[in-house]
Trainee: 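There's a structure below that I have some questions on.
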Number of protein chains: 2
Amino acid sequence: MARRSGTRDQILDRATDLFGRWGVEAVSLDQIAQEVGVAKQTLLYWFASKDELVESVLAATAEELAVVVEAAIRAAPDDPLDRIEAVVKAVFRPAVRRPALLGLIREMSRLPPETSERVADHLRPLVERAIAWMRNEMDAGRLRRSDPDIVVALSYATVTGIATEPEALRVVGWTADTAGLRRLRTELVAFLRSALTP
Amino acid sequence: MARRSGTRDQILDRATDLFGRWGVEAVSLDQIAQEVGVAKQTLLYWFASKDELVESVLAATAEELAVVVEAAIRAAPDDPLDRIEAVVKAVFRPAVRRPALLGLIREMSRLPPETSERVADHLRPLVERAIAWMRNEMDAGRLRRSDPDIVVALSYATVTGIATEPEALRVVGWTADTAGLRRLRTELVAFLRSALTP
DNA sequence: ACAGTTCTCTACCATTTGGTAGAGAACTGT
DNA sequence: ACAGTTCTCTACCAAATGGTAGAGAACTGT
């Protein structure tokens, strides 16, 4: 999460935010360059093309999420529901502070298949482990019996959807103040808990 | 859902699909015109600007969803969980056949606030009713007690997220064949049921 | 002091973008 | 037959886009 200092890192950070917020297509190199306070050609020195910049941003984001999740898992208690709660809370903080993080992952579906495939490869080990783990817990009767892969996708969709769609929340009258955030996190955790309880 | 026949309707249909799939910014008027088989200026005859086209598409989409949901509600049984299942199933069919539908709603957050506000107004009555209804059912002890507005948003996020992110599903090894679709719908309904059961 | 690398810049370019101007079909009602 | 409206077209345009070419700082190690 640390905003690093080199020109390259600054570009990466800024591009992450902008791509995540507005979508890859909607953000121009000029715009990124201007916000970083650098000439556009400086971007093209660090990244040979916009495509390469996009891919770097996605790879870094996937990596960052993977690290956060891994850490949360290692530190988490053994009970599966507690563990899920820990992971959700760990992801929730950076996701809300920087909605672009999860929004970016969503941008994957709009990229050329080879690119999205490469990014998916970054996440796959994590996902596979999650599925295997869920299957185990289901067998042990500690999670609601169901299709583990789809349930992983559903949980992801719920967390990502709610963290990246402030509009949807505004329509129901929610506001992004501290109290609202706490309320949201509490409900999200309760929702998932209830969805996954045997 | 009916693909209507006039030039205007053809433009609307095609634009809906393209905007929903690739995002508003990523789709050019030239592209839409070409796919409809008409000159770009014909689009600009029917819609004064791209912005106006976007807004028309969004309004029509919101309207269409509202109609589908209303119909499902009217035809649904009285038990709240059955009713939720009916609505989800009603939305699931068009959403999967045309992912653009829900994808479009997500595009709202990337539009100028006045535009998204106007589209939100189309959906608000529906949402308000959903919240009020949920609150009632919670009071009656037929749904899990919680913040009704946030739960509405969470349910929406789950359905929309899963229906618009084929990438996420691909990562868990899911495929979009008939069996996969049925499996997905079944799990989605079970997930929501479990999440909302008292 | 100097050569080499690293980094950022100005100047430019071909293409694509949303949009304008205005002409000409094709269908009205009379 | 004719005038008016509805609809679609060709021909442009200014601005913005991703990207190239190449010069000049600024920092290396010697």
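Within every chain, numbering begins at 1; the chains are lettered A, B, ... in the order of the sequence lines, protein sequences first and strands thereafter. Worth knowing before you read on, the calculation uses all heavy atoms, side chains too, and leaves out hydrogens, waters and symmetry mates.
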Trainee: If you only use heavy atoms from C-beta on, which nucleotide in C:dT17, C:dG19, D:dG19 is closest to the side chain of A:S49?
Mentor: D:dG19
Trainee: Evaluate the criterion salt bridge (Lys or Arg N to Asp or Glu O under 4.0 Å) for residue pair A:E117 and B:R170; output intermediate values, then yes/no.
Mentor: CA-CA 10 Å; A:E117 196 50 47; B:R170 272 197 31 235; 2.4 Å; yes
Trainee: Looking only at side-chain N and O atoms, does B:W46 come under 4.0 Å of OP1 or OP2 in D:dT8?
Mentor: yes
Trainee: Which is more 5' along DNA chain C, the nucleotide nearest B:Q31 or the one nearest A:G37? Just name the residue.
Mentor: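 The residue mapped nearer the 5' terminus is A:G37.
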Trainee: Can you measure A:K50 atom NZ to D:dG19 atom P for me and round it to whole angstrom units?
Mentor: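 Between P of D:dG19 and NZ of A:K50: 8 Å.
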Trainee: The side chain of B:K40 is closest to which nucleotide in this list: C:dT8, C:dG19, D:dC7?
Mentor: C:dG19
Trainee: Rounded off to whole Å, could you give me the CG-to-P distance for the A:L43 and D:dT17 pair?
Mentor: 13 Å
Trainee: Students often get this wrong, so: under 4.0 angstrom with heavy atoms, is A:V36 touching a base, only sugar-phosphate, or nothing?
Mentor: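 No contact at all - A:V36 keeps every heavy atom at 4.0 Å or more from the nucleic acid.
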Trainee: Going through the distances and angles, do B:V24 and B:K50 end up as a side chain to side chain contact (heavy atoms under 4.5 Å, CB included)?
Mentor: CA-CA 9 Å; B:V24 169; B:K50 186 177 181 179; 4.3 Å; yes
Trainee: Students often get this wrong, so: under 4.0 angstrom with heavy atoms, is B:L44 touching a base, only sugar-phosphate, or nothing?
Mentor: base
Trainee: Are more than 12 heavy atoms from other residues, nucleotides or ligands located less than 6.0 Å from atom CZ of B:R129?
Mentor: no
Trainee: Given C:dT8, D:dG18, C:dG19, which nucleotide is nearest the side-chain atoms of A:Y45?
Mentor: C:dT8
Trainee: For B:I32 and C:dT17, what is the distance between atoms CD1 and P respectively, to the nearest whole Å?
Mentor: 11 Å
Trainee: Side chains of B:T175 and B:D177: is there a donor and an acceptor less than 3.5 Å apart?
Mentor: yes
Trainee: With both distances under 3.5 Å as the test, what is the Watson-Crick or G-U wobble partner of D:dA23?
Mentor: C:dT8
